[in-house]
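The chain is numbered in sequence order, starting from 1. Keep in mind that the numbers below use all heavy atoms, side chains included, and drop hydrogens, waters and symmetry copies.
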Amino acid sequence: MNIKWNALAQTAGISFGITVAVVTVFALGILALSRREAVLESAGSAGAGSGGTGRANAALAGATVCFAACAAVVVYGLSLIAG
């Protein structure tokens, strides 16, 4: 039996890199949601017309993109395992 150590190391390295990337993107999504909550909370205490809804919507859109990217990576990984 011959183990291809180079291929094993490449697979482990790429898996580690993708894992770090997905965790980072997920953390950015959580950060965007917390920033959205902070903007909405400050807009609520400042009264109407403070212009915070635009920033809150942008933060929500950013969080949605981050979570969609994480979901796409997970679905792609599952398709590689199942296929």
**Q** Is it true that Leu60 and Ile30 fall in one hydrophobic cluster, defined by side-chain heavy atoms closer than 4.5 Å?
**A** yes

**Q** Closest heavy-atom contact between Ala59 and Arg36?
**A** CB-CB, 3.8 Å

**Q** Rounded at 0.5 Å granularity, tell me how far CG in Asn6 sits from OG1 in Thr11.
**A** 9.5 Å

**Q** For a quick test of reading the model, state the closest non-hydrogen atom pair linking Phe67 to Gly29 and the distance between them.
**A** CZ-C, 3.6 Å

**Q** Can you tell me how far the CD atom of Glu37 sits from the OG atom of Ser42, to the nearest 0.5 Å?
**A** 11.0 Å

**Q** Between Leu33 and Phe26, is there a shared hydrophobic cluster once you connect ILVMFWY residues whose side-chain heavy atoms come closer than 4.5 Å?
**A** yes

**Q** For the residue pair Cys70 and Val74, establish whether any side-chain heavy-atom pair is separated by less than 4.5 Å.
**A** no

**Q** If you count heavy atoms of other groups shown closer than 6.0 angstrom to CD1 of Ile18, is the number above 12?
**A** no

**Q** Decide whether Val73 and Ile14 are clustered together by the hydrophobic rule: side chain heavy atoms of Ile, Leu, Val, Met, Phe, Trp, Tyr closer than 4.5 Å, transitively.
**A** yes

